[in-house]
Amino acid sequence: MTVHIYNTLTRKKDPFTSIETGKVKMYVCGMTVYSDAHIGHARTYVAFDVIRRYFEYKGYTVFYVQNITDVDDKIIAAAHKQGVDPLVYSQRFTDRCLTDLDTLGVQRADLYPKASEAIPEMIQMIEQIIQNGYGYVADGDVYFSVESFSDYGKLSGQNIAEMKKGARIEPGEQKRNPLDFALWKKAKPGEPVWSSPWGPGRPGWHIECSAMSCSILGPTFDIHGGGMDLQFPHHENEVAQAEAATGQQFARCWMHIGLLTINGEKMSKSIGNIINIKDLLQSWDAEVLRMFFAQAHYRSPPDFSEKALADVEKGRERLYRVKERLQEHAKAISPQNPSLAMLQETEKKYLTTIKEFQEEFEAAMDDDFNTPKAFASLFEFVNKSNRFFEQHPTPNPELCRHALGVYLKIGLVLTVFQPQTHTPLKKESEVTSVLQELLRSYGTIIDSPTMDALLQALLEARQDARKKKDYKTADDIRKKLESLGFEIQDTAHGSVWRKK
RNA sequence: GGGCGGGUAACAAAGUGGCUAUGUGGCGGACUGCAGAUCCGCCUACGAGGGUUCAAAUCCCUCCCCGCCCUCCA
C-alpha cells in the first residue's frame with residue numbers, strides 16, 4: 001500500500017509518490033536557538049521522527065534536513081542582554097538544543113544547515129526574486145511584493161484582500177503593501193551584518209528556509225513540514241519566495257504538526273508555562289515522553305499533563321512485559337520443535353495474529369500516519385500474545401523469535417523499545433549497595449555481589465520466609481525491593497523480579 | 001471580521017454508512033498466603049434538533065459550544 005498524507009496545499013489526503021523512486025526528501029523547520037529546547041519542540045520533532053522512521057520501515061531512503069535559525073531578532077536581543085556576540089550565543093544554544101533532543105531519543109536529521117552559513121544562497125535567491133519582478137529595494141531593505149505573486153495565500157487559504165484589513169506597517173518600514181515582508185534587512189548597530197548588493201544587512205526570517213531547502217534538496221522536493229503555527233505567514237512566504245525565484249513548484253506536500261497545549265492551555269511565555277525537555281527528563285523517562293507524543297495523531301494538538309504521562313507509563317509497562325515474555329520464550333531451546341513448519345494449532349493461530357498485527361499497523365500508518373490506530377494494533381497484539389501464552393505456556397521458540405522480531409521492529413517505528421538515552425535516576429552501583437545492606441540484615445552475605453546475584457539471594461530469603469509462613473518478612477522484602485524500583489511477582493515457577 | 005480544526009463512554013483518543021477500536025481508571029470473577037502480573041465479564045459513547053436510508057457516531061440541513069492561526073513562535 002502507498003502512504004497517504006494529508007497535504008495542507010490540497011487540503012486532502014494525497015497518495016504519496018516521491019520524486020525520486022525509493023527516496024524521500026524532506027525539510028522540516030527547525031529551532032530558533034536562543035534558549036533550551038522545550039516540550040513543544042519535542043512534540044514536533046518526535047512527530048517527524050516517527051514519520052521518518054515509518055518511511056524507512058517502508059524501505060525508503062530518507063534525506064531529512066532540519067534548519068537551525070541562528071540569525072534572528074530574539075537571538076540578538078538575548079545575546080545583547082548577556083553581552084555576548086549573537087553568533088557565539090546561538091552556537092552555544094544550537095548544541096544545547098540538539099543535545100536536548102538527543103537525550104529525548106529523537107533521531108538526528110541528516111543535515112542541520114544554519115542560516116548564518118547560507119547567506120550567499122539567500123542573497124542569490126533574493127536577487128533572482130527581484131530580477132523576476134517579485135521583490136523591490138527600499139533604502140537598504142528588500143521586500144517581497146505579495147500582490148505581484150498571484151498564488152500568494154494558496155497554502156494557508158488566505159486571500160490578500162481580507163488579510164490587508166488588519167495589517168499594519170511598522171514605523172520605519174517602507175513597504176508598498178502592508179503584507180509585504182522583508183527579504184533583507186538593512187544593518188542596525190549591534191546586529192550581525194553581511195554585505196550584500198543592497199548594502200550591509202541581514203536576511204529576513206523566511207528567506208533562509210526557501211534558500212536552504214532549494215539549494216540542498218533542489219527547487220522541488222517531496223515534503224516540507226513544521227509546526228501548525230508556521231503555516232502562516234512563514235510557510236506561505238517560503239512558497240512565495242521559492243516559486244518566485246525558481247519558477248518551479250516548491251515542496252509537493254506540506255505537513256503541519258498540531259501544537260501542544262499544557263493542561264488545556266496554550267504553551268507560551270506570557271502564561272509562563274513553558275516546560276523544557278531537560279527539566280521534564282529529571283522526573284520522567286524519555287521513552288514515556290516520546291510515547292506520549294507518538295501516540296497523539298500528528299495533526300491533533302495533544303494536551304500535556306502529568307496524568308497523561310502517568311497513563312502512558314502504565315501502558316508502556318504492558319508493552320515491556322510482553323517483550324520480556326517473548327524474549328524468554330525465544331531463548332528456549334527446543335530440539336523437538338525447532339521450525340515453524342511443526343506448529344500446533346494454537347501456534348498456527350498465533351502466527352496469523354502476528355501477520356494481522358503487521359498488516360493492521362501498516363494500514364494505520366499508511367493512512368496519514370495514524371499513530372493512535374497503530375498503537376491500538378500494538379496493544380491488541382499485546383492482548384492476543386498474553387492470551388496465547390495463557391493457552392500455550394511453552395510456545396515454539398522459533399515462533400517467538402519471529403513474533404519478537406516483528407514486535408520490536410514495529411515498536412521502534414513508534415519510538416518504543418529504543419535503548420535508554422540518558423542515565424537512569426538511580427545508578428546501579430547505588431542500588432547494589434542498598435541491596436547488599438538489605439541482604440545483610442537478613443543474615444546473608446554473598447561473595448560476588450552483582451545486582452542480579454543480590455536480587456536472587458533476596459528472593460531466596462523471601463522464599464524461605466514464605467515456606468515458613470512468615471509472611472511479614474516476605475512482604476517486607478517485597479516492599480523494600482519495590483521501593484527500589486523492582487517489581488516482584490510470585491508465579492507458578494517461583495518468584496521473579498523485573499525493573500519497573 | 002477572514003482562514004482552519006474540533007465536540008466520542010469516568011479520563012485520554014481513533015474510527016467516519018452495518019462488524020468488541022485502543023490506552024488509563026473503576027467494579028466483579030479466576031489464579032494467589034497476600035500482592036502483582038495475566039485471563040474472563042462488566043462500567044448509561046458518539047454536542048442538540050430535524051432529515052436521507054432497510055441501516056447514521058459516520059451522509060444532508062439547522063443550531064449550540066470549544067480551540068488554534070491571521071504579530072515572534074515547533
Side-chain angles (χ1 to χ4, degrees), chain A residues 8 11 28-32 34 37-48 66 69 72-74 77 97 153 155-168 170 179 205 225-234 236 256-261 264-269 274 291-292 295-297 299-303 305 307-319 321-322 324-325 360 364 367 370-380 382-383 385-387 389-391 466-467 469-472 474-475 478-479 482 487-492 495-496 498 500:
Chain A
T8 309
R11 305 209 178 279
V28 172
C29 284
M31 296 176 275
T32 300
Y34 69 102
H38 54 66
I39 58 175
H41 293 123
R43 193 277 181 276
T44 295
Y45 302 120
V46 168
F48 280 113
Q66 192 184 115
T69 300
D72 164 272
D73 294 349
K74 277 178 309 222
C97 288
L155 179 67
S156 54
Q158 312 278 336
N159 77 76
I160 295 175
E162 280 303 333
M163 283 188 291
K164 229 172 161 176
K165 288 176 186 166
R168 285 268 148 75
E170 296 291 322
L179 295 173
W205 173 40
M228 206 75 102
D229 54 337
L230 297 179
Q231 190 178 322
F232 188 88
H234 184 57
E236 190 68 62
H256 289 101
I257 310 297
L259 295 193
L260 179 80
T261 57
E265 278 185 315
K266 176 185 162 164
M267 184 174 82
S268 77
K269 243 187 191 152
I274 291 179
M291 244 182 92
F292 167 69
Q295 250 178 332
H297 183 87
R299 284 192 281 123
S300 308
D303 186 39
S305 65
K307 183 196 183 282
L309 290 188
D311 285 358
V312 167
E313 190 168 39
K314 297 217 181 86
R316 183 183 68 142
E317 280 296 302
R318 305 189 48 227
L319 258 32
R321 283 198 186 97
V322 163
E324 286 157 20
R325 285 179 91 169
E360 276 164 31
D367 182 15
N370 192 332
T371 53
K373 213 172 175 181
F375 268 98
S377 69
L378 192 68
F379 278 106
E380 215 158 301
V382 164
N383 291 334
S385 296
N386 280 327
R387 234 168 281 166
F389 298 142
E390 206 77 11
Q391 296 171 331
R466 288 179 72 203
K467 271 187 196 139
K469 300 215 192 266
D470 176 7
Y471 296 122
K472 165 96 177 51
D475 291 353
R478 184 170 63 197
K479 223 187 251 166
E482 270 170 0
E487 179 182 282
I488 307 306
Q489 286 181 30
D490 299 329
T491 70
S495 297
V496 293
R498 64 186 290 279
K500 269 213 262 199

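In this text the structure is predicted, and so the values were computed from the model without any measurement. Chain identifiers are assigned alphabetically (A, B, ...) following the order of the sequence lines, protein sequences preceding nucleic acid strands; residue numbering begins at 1 within each chain.
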J.: Under 4.0 Å: is that the gap between some side-chain N or O of A:N370 and OP1 or OP2 of B:A14?
T.: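 For B:A14, OP1/OP2 do not have a side-chain N/O of A:N370 under 4.0 Å.
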J.: Choose from B:A74, B:G36, B:A35 the nucleotide whose nearest atom is closest to any side-chain atom of A:Q489.
T.: B:G36
J.: So which heavy atom on A:E360 is nearest to which on A:S377, and how close?
T.: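 The pair with the smallest heavy-atom distance is CB-CB, 3.9 Å.
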J.: Toward the 5' end of RNA chain B, which comes first, A:S377 or A:M267, by nearest nucleotide?
T.: A:S377
J.: How long is the straight-line distance from CD of A:Q66 back to OH of A:Y45, given to the nearest 0.5 Å?
T.: 5.0 Å
J.: Is any side-chain nitrogen or oxygen of A:R498 closer than 4.0 Å to OP1 or OP2 of B:A37?
T.: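 Checking A:R498 against B:A37: no side-chain N or O falls below 4.0 Å of OP1 or OP2.
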J.: Could you state the CE-C1' distance from A:M228 to B:A74, rounded to the nearest angstrom?
T.: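 Atom-to-atom, A:M228 to B:A74, this comes out as 12 Å.
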J.: Is A:R318 near enough to B:U24 that one of its side-chain N or O atoms lies under 4.0 angstrom from OP1 or OP2?
T.: yes
J.: Once you round it to whole Å, what is the distance between C1' of B:U38 and CG of A:L319?
T.: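 Interatomic distance, CG of A:L319 to C1' of B:U38: 15 Å.
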J.: Taking the minimum atom-to-atom distance to the side chain of A:T491, which one of B:C39, B:G36, B:A14 wins?
T.: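 Looking only at side-chain atoms, A:T491 lies closest to B:G36.
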J.: So which one's nearest nucleotide on RNA chain B is more toward 5', A:K469 or A:R316?
T.: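 In this pair, the answer is A:R316.
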J.: Would you give the length of the straight line joining atom CD of A:Q489 to atom CZ of A:R478, rounded to the nearest 0.5 angstrom?
T.: 10.5 Å
J.: Using the P atom as the reference point in each nucleotide, state the distance between B:A30 and B:A57 in Å, no decimals.
T.: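 B:A30 and B:A57 have their P atoms separated by 37 Å.
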J.: Taking B:C64 as the reference, what is the distance to B:U71 when you measure between their P atoms (whole Å, please)?
T.: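 Straight-line distance between the two P atoms is 28 Å.
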J.: Got a donor-acceptor pair under 3.5 Å from the side chain of A:R321 to the base of B:A37?
T.: no
J.: For a quick check of understanding: with a heavy-atom distance under 4.0 Å over all strands, which category does A:I257 fall into, base, sugar-phosphate or nothing?
T.: nothing
J.: Take atom P in B:C19 and the same atom in B:U58, then report the distance between them in whole Å.
T.: 13 Å
J.: In Å, rounded to the nearest 0.5 Å, how long is the span from CG of A:L259 to OG of A:S300?
T.: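 Between A:L259 CG and A:S300 OG, I get 11.5 Å after rounding to 0.5 Å.
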J.: OP1 or OP2 of B:G25 versus the side-chain N and O atoms of A:K314: is any pair under 4.0 Å?
T.: yes
J.: Just call it for A:G258: base, sugar-phosphate, or nothing, with non-hydrogen atoms closer than 4.0 Å on any strand.
T.: nothing
J.: Rounded to whole Å, how long is the line connecting atom CD of A:E487 with atom P of B:G36?
T.: 10 Å
J.: If I pick the P atom on B:C27 and the same atom on B:A21, what distance separates them, to the nearest angstrom?
T.: 23 Å
J.: With rounding to the closest Å, how many angstrom separate the P atoms on B:U32 and B:C42?
T.: 24 Å
J.: Roughly how far apart, to the nearest Å, are B:G49 and B:C54 at atom C1'?
T.: 24 Å
J.: With rounding to the nearest 0.5 angstrom, report the CE to CZ distance, A:M291 to A:R316.
T.: 7.5 Å
J.: Give the B/S/- string for nucleotides 4-13 of chain B, one per nucleotide from 5' to 3', where a protein heavy atom under 4.0 Å of the base yields B, of only the sugar-phosphate yields S, and otherwise -.
T.: -S-------S
J.: Looking at A:L155, is its backbone amide N or carbonyl O close enough to the side chain of A:E236 to form a donor-acceptor pair, meaning the two atoms are under 3.5 Å apart?
T.: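 Judged by distance alone, yes, a pair lies under 3.5 Å.
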J.: Step by step, would you call A:H41 with A:C97 a side-chain contact (heavy atoms from CB on, under 4.5 Å)?
T.: CA-CA 9 Å; A:H41 293 123; A:C97 288; 6.0 Å; no
J.: Remember a base hit wins even if backbone is also touched, and classify A:D490 as base, sugar-phosphate or nothing at under 4.0 Å, heavy atoms.
T.: base
J.: Measure the spacing between CG of A:L260 and CE of A:M228 and express it to the nearest 0.5 Å.
T.: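 Rounded to the nearest 0.5 Å, the CG-CE separation comes to 12.5 Å.
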J.: Whole-Å distance between B:U24 C1' and A:F292 CZ?
T.: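 Rounded to the whole Å, the gap is 13 Å.
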J.: Which nucleotide in the set B:G33, B:A74, B:G15 lies at the smallest distance from any side-chain heavy atom of A:R466?
T.: B:G33
J.: Over all heavy atoms of both residues, which pair between A:F292 and A:A308 is shortest? Give the atoms and the distance, please.
T.: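 So the two residues come closest at CE1-CB, 3.7 Å.
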J.: Rounding to a whole Å, what distance do you find between A:E380:CD and B:U22:C1'?
T.: 8 Å
J.: What does A:D475 touch in the nucleic acid at a heavy-atom separation under 4.0 angstrom: a base, only the sugar-phosphate, or nothing?
T.: base
J.: Does A:S495 reach the main-chain N or O of A:D490 with its side chain, forming a donor-acceptor pair under 3.5 Å?
T.: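 Checked: no pair found.
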J.: Side chains of A:N386 and A:R321: do they bring a donor and an acceptor to under 3.5 Å?
T.: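 No, no side-chain donor-acceptor pair sits under 3.5 Å.
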J.: Heavy atoms under 4.0 Å, any strand shown: does A:Y45 hit a base, just sugar-phosphate, or nothing?
T.: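 It contacts sugar-phosphate atoms only.
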J.: Taking only side-chain N and O atoms of A:N383, does any of them lie within less than 4.0 angstrom of OP1 or OP2 on B:G23?
T.: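 Yes, such a contact exists.
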J.: Distance check, rounded to the nearest 0.5 Å: A:T44 atom OG1 versus A:D229 atom CG?
T.: 7.5 Å
J.: Name the nucleic acid region contacted by A:L378, choosing base, sugar-phosphate or nothing; use a 4.0 angstrom heavy-atom cut-off, strictly under.
T.: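 Answer is nothing: A:L378 stays at 4.0 Å or more from every strand.
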J.: For A:K307, what residues pass the side-chain hydrogen bond (donor to acceptor under 3.5 Å, both in side chains) criterion, not counting sequence neighbours?
T.: A:D311
J.: Find the distance A:F389:CZ to B:U38:C1' and express it as a whole number of Å.
T.: 11 Å
J.: B:C40 C1' sits how many Å from A:N386 CG, rounded?
T.: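 It works out to 13 Å between those atoms.
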J.: Could you check whether A:Y471 gets within reach of a base, just the sugar-phosphate, or nothing at all, counting any heavy atom under 4.0 Å?
T.: base
J.: Pairing of RNA chain B as dot-bracket, 5' to 3': ( ) intra-strand, [ ] crossing, | other strand, . unpaired, with Watson-Crick or G-U pairs under 3.5 Å?
T.: (((((((..(((.....[...)))((((((.......))))))...(((((..]....))))))))))))....
J.: Could you state the atom-to-atom distance from CE of A:M291 to P of B:G23 in whole Å?
T.: 11 Å
J.: Has A:T32 got a side-chain N or O lying under 4.0 Å from the OP1 or OP2 atom of B:A74?
T.: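 Result: yes.
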J.: Could you work out the separation of B:C68 and B:U62 based on their C1' atoms and round it to a whole Å?
T.: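 Going atom to atom, C1' in each nucleotide, I get 25 Å.
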J.: Please state the C1' separation for the pair B:G6 and B:G47 - nearest whole angstrom.
T.: 11 Å
